[in-house]
Enquirer: 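Got a structure for you, questions after.
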Amino acid sequence: MCGIIGYTGYRNTKTVLLNCLKRLEYRGYDSAGISINNEKSKIETIKAVGEIKILEKKAESFSANGPSGIGHSRWATHGAVTEENAHPHTSCHQEIAIIHNGIIENFKSLQEKLTQKGHIFKSNTDSEILAHLIEEHYEKTTDLKKAVEKTIQEITGSYALVAMTDKEPEKLIAARKDSPLVIGVGDNENFIASDVPAFLPYTKRVIFLEEGDIAEITKTKIQLYQSDGSKKEHEINHVTWNIEDAEKSGFTHYMLKEIYDQPESIQEALRGRISDFDYSISFPDAVEELLSQPFESVSIVACGTSYYAALLGKYLLESLTSLPVSVTYSSEYRFFGKNYAHSLVVAITQSGETLDTLAALKEARKNGASTLAITNIIGSSATRIADAYLLMQSGPEIGVAATKTFTSQIVLMALLSLCLSLRYDKIGADDFHHHVQQLKQIPRNIRKIFDTIDEIKHVAKKLSTAYSAFFIGRGLWYPLAREGALKLKEISYIHAEGFPAGELKHGPFALLTKETPVVAILHKGITYDKMLANIGEIKARGPSVIAIAEDDDEDIEKYADHVLRYPTDGEIECLIPATVILQLLSYYTALYRDCPIDKPRNLAKSVTVE
Ligand code: F6R
């Protein structure tokens with residue numbers, strides 16, 4: 001959740017740290033700060049509550065430049081949002097400064113011990129303990145790496161930690177457990193950050209730290225160590241994202257850009273997975289090996305939007321493979337999840353860092369399940385924990401509200417279902433080829449949605465005055481109703497709920513009035529008549545109905561007040577263009593309500609806390 005950046009090199013350290021912090025804003029934050037080892041070999045620190053631009057303003061009078069520095073954007077989990085609680089935290093004599101992401105579980109007992117030894121704590125955070133512990137160990141070892149090593153042996157919990165001292169001003173020491181860290185490798189400069197976009201303007205060469213790694217970083221040297229102190233080789237990866245990928249490309253918000261990215265991101269999700277020659281589906285070797293096992297059931301774990309992709313995955317897998325599939329919120333699975341013999345556990349997580357999903361994955365592994373992660377982030381913790389992983393290949397998603405990664409998750413669930421269906425002999429060659437061919441048409445059908453933007457805006461304008469809204473669908477369209485409601489509530493702050501259409505009459509009907517619009521998402525499949533009947537029942541109670549329906553659906557006009565249309569196609573292939581309508585509807589509703597679309601209140605992009 002918090003953003004971390006460390007820098008050592010030849011540039012103006014203050015400028016680099018502030019630039020990198022701005023690039024981490026999308027993670028969500030409430031306060032921020034920087035510490036710099038200045039030219040007089042003293043650590044100077046500045047912090048501010050609120051936006052990075054407030055810190056930047058404050059830092060105008062802060063002249064500190066020097067060989068190294070660290071910066072942090074905080075999303076409070078322990079201690080109120082105050083300057084004192086913002087990072088970096090410093091030791092009693094200001095000789096050590098640290099930034100930390102994670103939770104130190106035994107900080108209370110450690111704090112008591114250190115207080116008795118005379119340490120004075122300035123904040124109400126668990127993180128500050130690290131600065132004091134390192135200070136204690138540094139006095140004995142006079143070696144920052146050793147002091148950090150000893151510190152992490154004493155703490156329990158999770159951490160991505162970067163420390164520096166004015167005694168070794170060119171050096172940063174980083175360590176990770178259950179929280180990501182990545183090194184940016186430069187020429188005569190190096191970076192350490194919680195995620196790649198932070199330093200993307202400076203370098204695309206990266207080293208992903210693994211669990212338990214400790215890194216010693218100077219401007220010319222990077223040395224990794226294992227937790228037992230032994231040296232470790234590292235591999236430099238080249239990330240292909242360019243700066244434009246991570247920027248808005250002229251769109252008013254990242255979210256809008258990311259909605260418009262979808263024809264390409266869907267193509268990317270399919271890229272390398274469908275043979276042009278015979279339309280067969282193939283995955284990386286590790287995934288193929290995993291899928292070659294004879295599974296008897298599948299469990300899917302995920303949170304938020306990824307959970308709705310999981311729900312959709314259940315419908316797809318069950319209908320295409322006949323395997324029993326359960327879907328559980330990660331936060332529930334980690335405590336109550338059941339593993340059946342010969343079961344595959346699939347974790348869907350855009351960030352690959354959602355703490356509950358990682359805990360669920362670990363639990364599944366512990367209980368002997370085979371595990372597959374579906375994620376957007378190469379090198380993320382999910383890719384390291386699971387037996388195998390499939391990448392969404394969506395490029396960076398900066399807007400807090402998930403859009404393009406959701407539709408890529410659907411594509412991957414469809415590919416996975418089709419692939420297993422063929423392996424289990426549940427689909428004929430013709431049907432299989434038909435579906436695969438149709439999947440390739442999705443980008444074209446999404447572009448057709450963009451041609452209807454004026455109608456979507458018109459309906460969004462009406463929706464923007466609502467206080468509460470319902471979304472309904474059946475079968476494959478029910479998870480879309482849930483996702484449509486989540487998208488609307490998180491960015492426009494309109495209360496919204498998604499239901500299977502048949503469920504409204506079992507309670508929610510009590511809330512239907514002229515003021516509660518209902519969005520009905522439908523397709524002319526087996527539940528179409530039932531959907532029309534449900535819409536009729538709703539209309540009789542006063543609400544206006546916004547239907548999302550196929551191009552050639554004429555009957556719907558008689559039932560709905562507004563109809564937004566997606567190109568007629570097979571059911572699976574229509575899900576994504578219909579999702580794009582829901583995303584645009586939420587986006588413009590939020591825009592008309594003047595909401596901070598890319599950074600909704602109280603939300604963060606990557607939820608690495610419980
Ligand atoms: C909603 C949204 C969140 C995430 C959820 C899981 O738009 O983005 O609900 O889907 O926090 O995140 P990942 O997929 O990174 O595990």
Side-chain angles (χ1 to χ4, degrees), residues 1 26-28 75 178-180 194-195 197 253-256 258-259 262 265 269 300-313 327-334 345-362 372-383 385-386 389-392 394-410 412-413 471 479-480 482-493 496 498 579-580 582-587 589-590 595-610:
M1 198 77 74
Y26 70 91
R27 290 174 70 94
W75 194 79
D178 292 336
S179 214
S194 44
D195 31 13
H253 292 93
Y254 283 114
M255 181 178 174
L256 189 61
E258 286 154 8
I259 293 172
Q262 287 174 110
S265 58
I300 318 180
V301 294
C303 305
T305 288
S306 298
Y307 176 84
Y308 301 134
L311 270 187
L312 242 166
V327 180
T328 315
Y329 285 112
S330 307
S331 53
E332 291 292 304
Y333 182 93
R334 56 183 294 199
V345 173
V346 181
I348 306 183
T349 167
Q350 181 282 131
S351 61
E353 300 295 348
T354 299
L355 192 128
D356 282 323
T357 303
L358 298 183
L361 258 181
K362 286 178 190 162
L372 172 70
I374 296 186
T375 182
N376 193 32
I377 310 292
I378 187 168
S380 63
S381 303
T383 63
I385 297 169
Y389 62 86
L390 265 180
L391 288 173
M392 297 170 198
S394 313
E397 187 176 67
I398 309 290
V400 164
T403 50
K404 61 178 176 175
T405 54
F406 176 67
T407 49
S408 292
Q409 289 167 353
I410 299 177
L412 290 183
M413 287 314 293
F471 287 68
L480 287 199
R482 300 279 306 269
E483 169 60 5
L486 177 68
K487 219 79 306 169
L488 186 71
K489 78 178 120 189
E490 71 180 326
I491 62 164
S492 76
Y493 307 150
T579 301
V580 175
L582 288 167
Q583 293 168 346
L584 287 165
L585 192 60
S586 295
Y587 174 81
T589 303
C595 293
I597 293 176
D598 282 333
K599 282 182 254 163
R601 69 179 172 224
N602 302 337
L603 296 180
K605 185 71 185 159
S606 175
V607 185
T608 54
V609 291
E610 292 179 337

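Counting convention: from 1, in listed order, for ligands and their atoms alike. Note that this is a predicted model, so its numbers are computed, not measured.
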Enquirer: Identify the protein heavy atom lying closest to atom 10 (O) of ligand 1, giving its residue, its atom name and the separation to 0.1 Å.
Expert: Thr305 N, 3.1 Å
Enquirer: Side chain or backbone, does Ala402 bring an N or O within less than 3.5 Å of an N or O on ligand 1?
Expert: yes
Enquirer: By ring-ring contact (aromatic ring centres under 6.0 Å, His included), which residues pair with Tyr587, not counting sequence neighbours?
Expert: His253
Enquirer: Find all atoms of ligand 1 within a distance of less than 4.0 Å from any non-hydrogen atom belonging to Val400, and give their numbers and elements.
Expert: 8 (O)
Enquirer: Side chain or backbone, does Thr349 bring an N or O within less than 3.5 Å of an N or O on ligand 1?
Expert: yes
Enquirer: Can you sort out which atoms of ligand 1 are near Glu490, meaning under 4.0 Å from one of its heavy atoms?
Expert: 1 (C), 7 (O)
Enquirer: May I ask you to identify the nearest protein heavy atom to atom 5 (C) of ligand 1, giving residue, atom name and distance to one decimal place in Å?
Expert: Cys303 O, 3.7 Å
Enquirer: Can you tell me which portion of Thr405 lies within the under-4.0 Å heavy-atom range of ligand 1? Options are side chain, backbone, both, or neither.
Expert: neither
Enquirer: What is the nearest protein non-hydrogen atom to atom 11 (O) of ligand 1, stated with its residue, atom name and distance?
Expert: Val607 CG2, 4.0 Å
Enquirer: Rounded to the nearest 0.5 Å, how far does OH of Tyr307 lie from CD of Gln409?
Expert: 14.0 Å
Enquirer: Out of Asp356, Thr357, Thr354, which residue meets the side chain to side chain donor-acceptor pair (under 3.5 Å) rule with Ser330?
Expert: Thr357
Enquirer: May I ask you to check whether Thr354 has an N/O atom sitting below 3.5 Å from an N/O atom of ligand 1?
Expert: yes
Enquirer: Is there a donor-acceptor contact under 3.5 Å from the side chain of Asn376 to the main chain of Pro396?
Expert: no
Enquirer: State which residues pass salt bridge (charged side-chain N to carboxylate O under 4.0 Å, His left out) with Glu353; sequence neighbours excluded, sorted by chain then number.
Expert: none
Enquirer: Distance from Ile300 atom CD1 to Ile374 atom CD1, nearest 0.5 Å?
Expert: 8.0 Å
Enquirer: So, taking the atom named OG1 in Thr383 and the one named CG in Leu361, what distance separates them when rounded to the nearest 0.5 Å?
Expert: 10.5 Å
Enquirer: Only heavy atoms of Lys487, strictly under 4.0 Å: list the atoms of ligand 1 that pass.
Expert: 1 (C), 7 (O)
Enquirer: Looking only at protein heavy atoms, which one is nearest to atom 15 (O) of ligand 1, and what is the separation?
Expert: Ser351 OG, 2.6 Å
Enquirer: With a 4.0 Å cut-off on heavy atoms, is Glu353 touching ligand 1?
Expert: no
Enquirer: Donor-acceptor check, side chain of Glu258 to backbone of Ile398, threshold 3.5 angstrom: yes or no?
Expert: yes
